[in-house]
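These numbers come from the heavy atoms of this one structure, side chains and all, not from hydrogens, waters or symmetry mates. Since this is a predicted model, take the numbers as computed values, not measurements. Labels below follow one simple rule: chain letters A, B, ... track the order of the sequence lines, proteins then strands, and each chain is numbered from 1.
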Amino acid sequence: MALSNVLEPAVSGFNFENSTRNIVLENGSEEGKIKAPTPMKTGTTIAGVVYKDGVVLGADTRATSDEVVADKMCAKIHYIAPNIYCCGAGTAADTEKTTDMLSSNLTIFSMNSGRNPRVVMAVNILQDMLFRYRGMIGAHIILGGVDCTGSHLYTVGPYGSIDKVPYLAMGSGKLPAMGILEDRFKGNMDLEEAKALVSDAIHAGIMSDLGSGNNIDLCVITKEGVDYIRPHRESIYNYKRQAKYKYKPGTTPVLTKSVNQLELELVHETVQMMETAGSS
Amino acid sequence: MTLPADGGTSFRSDASAQETQDLSTSGGHIAVIQRVLVRQLKMISAQACGANGKMKDYHYSGPVEHKFSPYAFNGGTVLAVAGEDFALVASDTRLSEGYSIHSRDSPKCYKLTDTTVIGCSGFHGDCLTLTKIIEARLKMYKHSNNKSMTSGAIAAMLSTILYGRRFFPYYVYNIIGGLDEEGRGAVYSFDPVGSYQRDTYKAGGSASAMLQPLLDNQIGFKNMENVEQVPLSQEKAVQLVKDVFISAAERDVYTGDALKICIITKEGIREEIVPLRKD
């Protein structure tokens, strides 16, 4: 695998080699029509609020693949820099990879210049990349962080648009969440109030939107540091099944059995002492 | 200067002819340029105007196709199990559309007679109409034959009702559960156009693909060996249905809110309501 990189440099941008083949497959003969696999979307509720000392970001933890819940404890709040975190909604792979790339870029910058990255830099890099891909990357992102210029909350849309706002919600559950935020937001809230507001906004999204659910994660960013609370509020629905569905050995029929002996030769033996509490 | 018949492009040649005239007469270059510009502006606006002088739209102005679908998918899962002397019909109570919830309390089991319950999921509009039609037909039968319809008869009738709309089907997945003439449990499962068969257990609706394999294993004892094949008791069946819906609500977004189980025995129909996840 490593050798193939040396022989052919990686082509940047999207690779459209398979597009003609995919068109042929999808419009194939009546029996031969093949549906393309759909990428997993997060179908999310994410929200962010600027308060007196910093930024609070919140997200639900359900990832859906069409109508099936693919992941009940998915992490939607991603690390960008020690003072910047972002929530991603939209296609799961796109938000993961975009934020990873952003994080690496900013780490390199920090090492080069010896400074903590600023939120505007993260926003500009993100916007530039998403605009360059003309919306093909389905990432709806809320970026929040605290740097030397203060606390900031931005949203970056999949086509590269930016909005700088004091409170925000994105994802399929953004309408119910925005309702709560519009009702109760005020400037310069204190920490507990801000956490309760974001948590209630995400909760509204979870109850009203089928694409959001399960638990609520929160991330509080201040000048002093970051408090990543996962989960902040666990889902209250833990209905247990009444019966045990365990199978005794022998339930699955064994049809054939074949044993292949592996010829192994003892070549080299080393002993490495483990450091245990008992050893002096 | 005669006006050319085709309007637009010929103006240019006229403009240059006018220009040379002006140079010799008025002698003002600026005036000439102004006149040329005005002519060219008029030329552009002549092309921009349609026959009646109004501005033409610079976008497609032919027939536009809008897709209207007469169906909507309102979610919901139904399940029916037949035992020795009982039958169960269970459904969740969530009514949804897209990613929104219309109602958390819209059960999908409808009582038809003292011994039969039908579960309908799919497009709610068609579910309501279909149940109205079935109830009307049941009354007609009772008045002409002086007895209630049996489960088997209702199933056969439903099949003809559904096939009557073969070319604009009722978007409903039906499962009938009840007691047959001998008092044994019976389950009849349908497809949207009326094909049906008698089963021991069947799941239909949005989470049917998740429920059916588990029922195949636990009730039908499929894919298992060395297991004691005890006939299903009523308590075990109810507990199995509750567990199976709890699992379905975990992984299917359209299933949840509450579970309603109708238990049909010769004593009558008993209902049980169990809460499910609401998120």
Provide the closest heavy-atom pair for B:Arg94 versus B:Thr255 in the form atom of the first, atom of the second, distance.
->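 Shortest heavy-atom contact: NH1-O, 3.7 Å.
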
Considering only heavy atoms from C-beta outward, does the side chain of B:Ile175 approach that of B:Val89 to under 4.5 Å?
->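 Heavy-atom side-chain distance check fails, nothing below 4.5 Å.
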
Tell me, do A:Thr64 and A:Leu210 make a side-chain contact under 4.5 Å, heavy atoms counted?
->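 A:Thr64 vs A:Leu210: side chains apart.
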
Atom NZ in A:Lys97, atom NE2 in A:His78: separation rounded to 0.5 Å?
->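 Going from NZ on A:Lys97 over to NE2 on A:His78, the span is 11.5 Å.
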
Options [options], ranked by heavy-atom pairs under 4.5 Å with chain A, top entry:
options: B:Met224, B:Glu250, B:Lys278, B:Gln239; answer: B:Lys278
options: B:Ser247, B:Gly75, B:Ala249; answer: B:Ser247
options: B:Glu225, B:Gln218, B:Arg104; answer: B:Glu225
options: B:Leu276, B:Val253, B:Asn223; answer: B:Val253

Portion of [X] that has a non-hydrogen atom of chain B nearer than 4.5 angstrom:
X: A:Lys248; value: neither
X: A:Asn238; value: neither
X: A:Thr251; value: both

Do you see a donor-acceptor pair shorter than 3.5 Å between the side chains of B:Tyr254 and B:Asn74?
->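 No, no side-chain donor-acceptor pair sits under 3.5 Å.
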
Check each atom of B:Leu240 against the heavy atoms of chain A and say whether the ones under 4.5 Å are side chain, backbone, both or neither.
->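 Its backbone and side chain both get close to chain A.
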
Sort B:Lys242 into side chain, backbone, both or neither according to what part of it lies under 4.5 angstrom from a heavy atom of chain A.
->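 For B:Lys242, the contact with chain A is made by the side chain alone.
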
Quiz item: cation-pi between B:Arg277 and A:Tyr237, 6.0 Å / 45° =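 Judged by the rule, B:Arg277 and A:Tyr237 form no cation-pi pair.
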
Aromatic ring pairing B:Tyr71/B:Phe123, orientation class (parallel under 30°, perpendicular over 60°, tilted between) =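 Perpendicular: the ring planes of B:Tyr71 and B:Phe123 meet at over 60°.
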
